[in-house]
Amino acid sequence: MLELQGKHIVLGLSGGIAAYKAAELCRSMVKEGATVQVVMTEAAEHFMTKVTMQALSGRQVFGSQWDDTPASGKNGENIANNMPHINLSRGADAIVIAPCSADFMAKLLHGRADELLSLLCLARQTDKVPLILAPAMNREMWANPATQRNVAQLKADGITVLDVGEGDQACGEVGDGRMLEADEILADLVAFFTPKSLLGQKVIITAGPTYEAIDPVRGITNLSSGKMGFAIARAAFEAGADVTLIAGPVSLATPRGVKRVDVKSAKNMLVAGVKYADYATIFIASAAVADWRPANLADQKLKKDGTGKVPELSFVENPDILATIAQSERGKKGLSGMPDGLFCVGFAAESQDLLANAQAKRIRKGVPLLVGNIGPATFGQDDNALLLVDAKATKELPPNGGKASKRDLAQQLVADIAARLGVQA
Ligand code: C5P
C-alpha cells in the first residue's frame with residue numbers, strides 16, 4: 001500500500017533557497033501515490049523553475065491568478081472560468097506550503113491575497129482542506145518575535161506548522177530555521193493523515209536483539225533486526241501516541257517523533273523498561289532478549305595462549321523484562337482490563353506449534369495479548385505474518401492469510417490494540 005494513495009495535494013512554493021527540496025518532496029509524494037498540483041509564487045520562481053516542478057508533478061504549474069488556463073481540482077475536470085484560486089484547492093486533501101517563507105506566513109496571518117498562492121489559501125474550504133506549512137528561513141528570522149508570534153497565531157487559527165530543522169544554513173549561519181528534509185515532511189504528512197486511534201496513550205516498545213558481553217570486545221547476540229518493533233513505534237506515533245522506543249543494538253533510523261533509548265544488554269533494557277513503564281499506558285515487548293548472559297564479564301580480552309585450551313563460559317539467566325513489567329501492579333490491572341492499568345503485549349518467535357506455544361507463553365508471562373510469529377521466517381525480513389492470541393480468541397494478520405510488510409502489520413496491530421482499549425478513532 002502506498003503511503004499517500006488517493007490523496008490530492010496542492011504543493012505551494014514560496015520564495016526561499018529551500019525550494020530545491022520541494023522538487024524531491026514533489027517526487028516522493030507522487031511516488032507514494034498522491035496527485036500533486038504545484039503552485040509557485042513569483043519569488044519561488046527565482047529559486048526553482050516551473051519546468052522542473054511540472055516534469056515532476058506531471059501537471060501544469062500555476063503561478064498567477066491571471067493565468068487563464070483552465071484549472072482543475074482533485075478530479076481533473078477543467079473549468080474554464082479563470083478562477084484558479086478557487087478551482088485548484090477544491091477536493092484537495094491538503095495544501096502544503098514548502099518552503100514557507102517568513103513573509104508568506106505573515107501574509108497568511110493577515111489573510112492577504114495579492115497573488116495566487118495566498119489567494120487560494122484564503123479561498124480554501126477551511127473545514128475540508130487543511131493547510132500545512134513547512135517554514136524555511138534564516139535562524140534570526142525564525143527566532144524573531146514577529147515570526148514566533150505569527151507561528152503561534154497561525155496554529156491557533158487551525159493551521160499546521162511543521163517543525164524546522166537545525167544546523168548549517170545556506171547563509172553560512174548555524175541554528176534553527178532550515179526547512180525539514182523532503183523525507184521528514186513526507187513522514188509528517190503520512191502521520192497527519194493517520195487516524196489518531198492512540199491519542200493520549202503513552203507507549204513503550206522494546207525492539208531488536210540484546211548484546212551480552214563476554215569480554216570488552218566479544219559478546220553474544222542474535223539475528224533480530226528490530227524492524228518489527230521500529231515499525232510498531234512509527235505506527236503508534238502516527239496514531240497519536242507518545243512513543244518511547246527502547247532499542248537494542250541495531251542500526252535502524254529512529255522513526256520521526258519517536259523518543260529512542262539505546263541499550264545493549266537485557267539488564268540495561270530492564271532498567272529502561274521499568275523506568276518508562278511507570279508513565280506508560282501500553283507496553284509492547286518485541287525485543288529478542290537473550291535468555292542467558294555470561295556469568296562473568298572478563299575485564300580484559302580473553303586470549304589464546306597457544307596451548308589449544310578454550311575458555312570455559314558459564315551462563316546465568318537474564319531477567320524476563322516482559323514478565324517483570326506485566327506482573328507489576330499496573331501490569332496486573334492491565335490484564336484485568338482496568339483503565340489505569342498498563343496494557344502489555346508480548347511477542348513469541350516460535351519455530352513450530354505457534355498457537356499452543358503462544359497461548360502458553362501468554363499465560364506464563366501474564367499478558368492480555370501475545371503476538372506469535374515464526375522466528376526463522378521473520379528475523380531480518382521485511383515481510384511477516386502474525387497470530388494474535390488473547391484469552392478468548394486468535395486472529396491472523398494479515399487477515400486473509402499469506403504475508404504482509406512489517407509496516408502494514410504494525411499499522412494493523414496498532415489498530416487492533418486501539419480497538420481493544422476502546423480508543424478507536
Ligand atoms: O520467553 P520468550 O523469550 O520466548 O518470550 C518472548 C517475549 O518475552 C517477547 O515479548 C520478548 O520481548 C519478551 N522477553 C523479555 N525479556 C526476556 C525474554 C523475553 O522481555 N528476558
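Only this structure's heavy atoms are used, side chains among them; waters, hydrogens and symmetry mates stay out. In this text the structure is predicted, and so the values were computed from the model without any measurement. Each ligand, and each atom within it, is numbered from 1 in the order the structure gives.
Heavy atoms of M269 found under 4.0 angstrom from ligand 1: none, in either backbone or side chain. At a 4.0 Å heavy-atom cut-off, ligand 1 does not touch A288 at all.
Salt-bridge formation is detected for the pair R260/D262: a Lys NZ or Arg NE/NH1/NH2 atom is positioned less than 4.0 Å from an Asp or Glu carboxylate oxygen. Salt bridge annotation for E184-R256: present, with a cationic side-chain nitrogen under 4.0 angstrom from a carboxylate oxygen. Ion pair K406/D382 not flagged as a salt bridge, since none of the NZ, NE, NH1 or NH2 atoms sits closer than 4.0 Å to an Asp/Glu carboxylate oxygen. We find that E238 and R407 are joined by a salt bridge, their nearest charged nitrogen and carboxylate oxygen being less than 4.0 Å apart. Checked for salt-bridge contact, R420 and D416 meet the test: a charged N lies under 4.0 Å from a carboxylate O.
Screening L370, L322, V371 for a side-chain contact (heavy atoms from CB on, under 4.5 Å) with F347, the sole residue that qualifies is V371.
Between K365 and ligand 1, at least one pair of N/O atoms sits closer than 3.5 Å. Residue A290 has no N or O atom closer than 3.5 Å to an N or O atom of ligand 1. Remark: ligand 1 and V345 share no N or O pair separated by less than 3.5 Å (distance only, no angle test). Inclusion of K361 in the set of residues having an N or O under 3.5 Å from an N or O of ligand 1 is warranted.
Contact atoms of ligand 1 toward P319: 16 (N), 17 (C), 21 (N) (distance under 4.0 Å to a heavy atom of the residue). Near G346, the atoms of ligand 1 lying under 4.0 angstrom from a non-hydrogen atom of the residue are 10 (O).
Looking at residues two or more places apart in sequence or on another chain, you find no side chain to side chain donor-acceptor pair (under 3.5 Å) involving T147. Every residue meeting the side chain to side chain donor-acceptor pair (under 3.5 Å) condition with E173, not counting sequence neighbours, appears here in chain and number order: N138, R139.
Nearest protein neighbour of atom 3 (O) of ligand 1, counting heavy atoms only, is D291 OD1, 4.0 Å. Looking from atom 10 (O) of ligand 1 to the surrounding protein, the closest heavy atom is A285 O, 2.6 Å. Protein heavy atom nearest atom 20 (O) of ligand 1, with residue, atom name and distance: L322 N, 2.8 Å. For atom 16 (N) of ligand 1, the nearest protein heavy atom (residue, atom name, distance) is I321 N, 3.0 Å. Protein heavy atom nearest atom 7 (C) of ligand 1, with residue, atom name and distance: F347 O, 2.9 Å.
For the residues N357, V289, L370, I325, the heavy atom positioned nearest atom 17 (C) of ligand 1 is part of V289. Between G372, A326, A287, A323, it is A287 that holds the heavy atom closest to atom 12 (O) of ligand 1.
Of the N and O atoms on the side chains of E212 and T210, at least one donor lies less than 3.5 Å from an acceptor on the other residue.
Two residues are said to be in side-chain contact when any heavy atoms from C-beta on lie closer than 4.5 Å; L198 and V414 meet this criterion.
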